[in-house]
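Keep in mind it's a predicted model, so treat the numbers as computed, not measured. First listed ligand is number 1; within each ligand, the first listed atom is number 1. By convention here, the first residue in the shown sequence is residue 1.
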Amino acid sequence: MSPAAQASAVRELDVAIVGAGFAGLYLVYLLRQRGFKVRAYEAGGDVGGTWYWNRYPGCRVDIVSMEYSYEFSEELQQEWQWSEKYATQPELLRYAQHVAERFDLRRDIQFNTRISSATFNDASGRWLVATDSGEQVSAQFVILATGILSAPNLPPFDGLESFTGDFYHTGQWPHEPVDFSGQRVAVVGTGSSGSQSLPLIAAQAEQLTVFQRTANYVIPAYNETLQPEAVAAIKRDYPQRRQASKLFPFAFSFETTGKSVFEFTPEQREQIYEAAWARGGLMFMGVFSDLLLDPAANATAQAFFRRKLDSIVSNPLTAEMLTPDFALGCKRLVVGTDFYETFNRPNVELVSIKHTPIERITPDGLVVAGKEYKVDAIVFATGFDANSGPILRMDIRGRNGLALRDKWSGGASCYLGLMPAGFPNLFTITGPGSPSALSNVLKSIEQHVDYIADCLDSMRSNGQRLIEADEQAEQAWALHVDAIAAQTVFKSCNSWYLGSNIPGKPRVISAYIGWPEYAEELAQIAADDYRGFRFTAA
Ligand code: N01
């Protein structure tokens, strides 16, 4: 076939997968093993997703690596050696690359290829998927393994194009190391990316100015090198430990009293908080059973946090500025190292932009409240258009040409977080309305991929061609997801969980707070002949 004919030929697949991060890799592995003809399309130059793009200094995972890793292969989990409690981005990327090589996945992944559209053909019951280079793919199923945090958000700051220095977004970091030595650097944003990177930037740069809109809760990671004996102990009964971890809310293990704050005296509470602080990590917010449910309980954690912050930050005014003014846990806690200590350095300045936003960017720096801060480089740690963001950057059209953008104009919704009604045979992995970011996402990925693979198997053996979510089932699920969130602190502030970090985005909770019941419910739905889905025979 000539190159031109080759380019215009339509590739036929059983399953087109969008993305080759941790979800896409496991999809390629499992669906290929089950005999489906699959191909993954990946915008990046290699596997790894989040861990391919986010290469900023200090980038690492906030769930312990022995749990934030695949369990689908006992050989893999036995042979892979994590070196630290919380792996760094380079190690996580090497892990993804190892998985791709070990299971020979790359031959079914097309890199440097962005999917621009996917259109369902009502007559043929197949999807036509188009790449940014004009290639066309016909597939029975499309699975969006696009990740939760893969569409970087760079706010349209006035004058950015005039800036004469270098600027970076943490989620699109260069592949070569960036050297800030001798430079005046600005970091905009103090979520996980900003908070993880700024201690390292401060240690290198001549001057660091941090522009903070909302102070966040930063809990120490107390990262450490993993000891071989401790790793061996875990690996001795890894499968049982994995099972036990998945019975915890959020799908990873943590220490908790399992009781209300108010079952303890103030002195006992203080000791428990101290111990939780000394352990560090995300699940500080799980040390009492009601911290995420009861504002009064949460207030005790906030007060403890404020005392800690005051004891670390030497300038009281800076400590005041760094104090969050919302419920602990509402925005994702930041797991950091030396974050507060960094503000005691003489070369670090904190500028609050809470009431006086960045006015504009000039050739030499940033202007806030009429004052110009001159810098040589700007790091935008301004987050992501999460969850539905990467999905809606594609033009996806379902039954009768319905655009997903229109369907989701009031907020994203999928039945069980798996499939939007009106879009037959289109699945999402960790999609809107599934536990996604409010779980150990590696476990959520494996659960979704296993579930979808079983569903496709069942359709094949039952001679079914199409699966689609029932509109009413989807609406009922969305109400349920929202009702659960309304009982927690998660709707009490603005966060990317709600989409409220993106101007104009509908304020809808994107994650289902309900692991492990979620996995049990999905298993029951499958046992009830996939209740809430409709099938069409071949
Ligand atoms: O993004 P964020 P992130 N002007 O949205 C500010 C995961 N992650 O990349 O809070 C000025 O949390 C914004 O201010 P505000 C993790 O799940 C994990 O840091 O909207 N400022 C905020 O301070 C995490 O939660 C790790 O008022 C603006 C910051 O930018 C998620 O990714 C590491 C602004 C954005 O914070 C996202 O984290 C990194 C504007 N116009 C990321 N717009 C681990 O540790 C936004 N901001 C595993």
Side-chain angles (χ1 to χ4, degrees), residues 49-51 53-65 68 85-89 91-92 147-158 160 168-173 186-198 200 210-221 223 250 252 280-282 321-322 324-326 329-337 339 350-361 366-368 378-387 389 430 436-442 490 493-505 510-511:
T50 284
W51 307 108
W53 296 103
N54 288 266
R55 298 169 184 245
Y56 62 83
C59 181
R60 57 173 82 235
V61 64
D62 61 3
I63 294 178
V64 297
S65 299
Y68 182 92
K85 181 175 170 186
Y86 298 105
T88 58
Q89 173 272 329
E91 189 167 10
L92 285 150
I148 305 163
L149 296 155
S150 56
N153 167 44
L154 180 58
F157 292 109
D158 258 4
L160 179 57
Y168 309 89
H169 189 286
T170 48
Q172 287 174 320
W173 202 260
V187 170
V188 181
T190 48
S192 297
S193 307
S195 306
Q196 278 189 335
S197 59
L198 67 86
L200 281 94
V210 178
F211 294 86
Q212 172 192 267
R213 188 163 69 179
T214 308
N216 213 336
Y217 294 91
V218 186
I219 306 289
N223 185 45
F250 308 113
F252 60 99
L282 208 50
M321 281 159 70
L322 288 168
D325 61 357
F326 57 91
C330 179
K331 284 177 190 280
R332 192 181 185 87
L333 290 186
V334 176
V335 179
T337 299
F339 175 76
L350 179 64
V351 177
S352 174
I353 49 172
K354 188 180 168 99
H355 303 296
T356 48
I358 293 168
E359 274 167 35
R360 62 182 189 283
I361 293 176
L366 304 87
V367 179
V368 173
I378 308 175
V379 173
F380 292 105
T382 42
F384 300 88
D385 183 355
N387 219 309
T430 65
S436 64
L438 288 174
S439 69
N440 174 352
V441 81
L442 248 287
F490 288 104
C493 72
N494 287 329
S495 74
W496 62 262
Y497 293 142
L498 292 162
S500 48
N501 62 324
I502 302 295
K505 189 168 176 175
S510 61

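When Pro503, Gly383, Ser495 are checked for heavy-atom proximity to atom 2 (P) of ligand 1, Gly383 turns out nearest. Among Thr214, Leu438, Leu149, Ile63, the residue whose heavy atom sits closest to atom 7 (C) of ligand 1 is Leu149.
Given atom 17 (O) of ligand 1, the protein heavy atom at minimum distance is Arg332 CD, 2.8 Å. The closest protein non-hydrogen atom to atom 36 (O) of ligand 1 is Gly191 CA, 3.5 Å. When hydrogens are left out, the protein atom nearest atom 20 (O) of ligand 1 is Arg213 NH2, 2.9 Å; that is the closest non-hydrogen contact. For atom 29 (C) of ligand 1, the closest non-hydrogen atom on the protein side is Ala381 O, 3.2 Å. With respect to atom 23 (O) of ligand 1, the closest heavy atom belonging to the protein is Thr190 N, 2.9 Å. Residue, atom and distance of the protein heavy atom nearest to atom 31 (C) of ligand 1 are Trp496 NE1, 3.4 Å. Scanning the protein heavy atoms around atom 3 (P) of ligand 1, the nearest turns out to be Ser193 OG, 3.4 Å.
By the 3.5 Å distance cut-off applied to N or O atoms, Trp51 is not counted among the residues near ligand 1. Of the N or O atoms in Ser192, one or more lie within a sub-3.5 Å distance of an N or O in ligand 1.
Nearest heavy-atom pair, Gln89 versus Trp51, reported as atom, atom and distance to 0.1 Å: NE2-O, 2.8 Å. Nearest heavy atom pair, residue Ser500 against residue Ser495, reads OG-N, 2.9 Å. Of all heavy-atom pairs spanning Lys85 and Ala221, the tightest one is NZ-O, 3.8 Å. Here the closest non-hydrogen pair linking Gly389 and Ala151 is C-CB, 4.1 Å. Between Asn54 and Cys59 the shortest heavy-atom distance is O-SG, 3.4 Å. Residues Ala511 and Leu438 come closest through the heavy atom pair CB-CD1, 3.7 Å.
The ligand atoms of ligand 1 that sit less than 4.0 angstrom from a heavy atom of Gly189 are 6 (C), 23 (O), 29 (C), 30 (O). Applying the 4.0 Å criterion to heavy atoms of Gln196 picks out, from ligand 1, the atoms 33 (C), 44 (C), 45 (O). Shown in contact with Phe384 at under 4.0 Å from a heavy atom are these atoms of ligand 1, numbered in order with element: 9 (O).
Residue-ligand proximity: Ile358 is placed with every non-hydrogen atom at 4.0 Å or more from ligand 1. Between Val61 and ligand 1 there is a heavy-atom distance shorter than 4.0 Å. The closest approach between any non-hydrogen atom of Tyr56 and ligand 1 is below 4.0 Å. At least one heavy atom of Ile353 lies less than 4.0 angstrom from ligand 1. Contact analysis puts Lys331 in contact with ligand 1, with a non-hydrogen atom separation below 4.0 angstrom. Under the 4.0 angstrom criterion for non-hydrogen atoms, Phe157 is in contact with ligand 1. The shortest heavy-atom distance from Ala437 to ligand 1 is not under 4.0 Å. Under a 4.0 angstrom heavy-atom cut-off, Arg60 registers as being in contact with ligand 1.
When the options Ile378, Leu366, Thr382 are evaluated for a side-chain contact (heavy atoms from CB on, under 4.5 Å) with Phe211, the one that passes is Leu366. With Phe380 as the partner, the ring pair (Phe, Tyr, Trp, His ring centres under 6.0 Å) test is satisfied by one option alone out of Tyr168, Phe157, Tyr56: Phe157.
Aromatic rings from Phe326 and Tyr217 are positioned such that their centres are separated by under 6.0 Å.
Side-chain atoms of Lys354 never come within 3.5 Å of backbone atoms of Gln212 as a donor-acceptor pair (strictly under, hydrogens ignored). In this structure a side-chain-to-backbone donor-acceptor pair under 3.5 Å is missing from Thr356 to Ile353. Side-chain atoms of Thr190 come within 3.5 Å of backbone atoms of Thr214 as a donor-acceptor pair (strictly under, hydrogens ignored). Using modelled atom types, no side-chain atom of Arg55 and backbone atom of Trp173 make a donor-acceptor pair closer than 3.5 Å. Checking side-chain atoms of Ser65 against main-chain N and O of Ala87 turns up a donor-acceptor pair under 3.5 Å.
If you look at Pro155 next to ligand 1, the close heavy atoms, those under 4.0 Å, all belong to the side chain.
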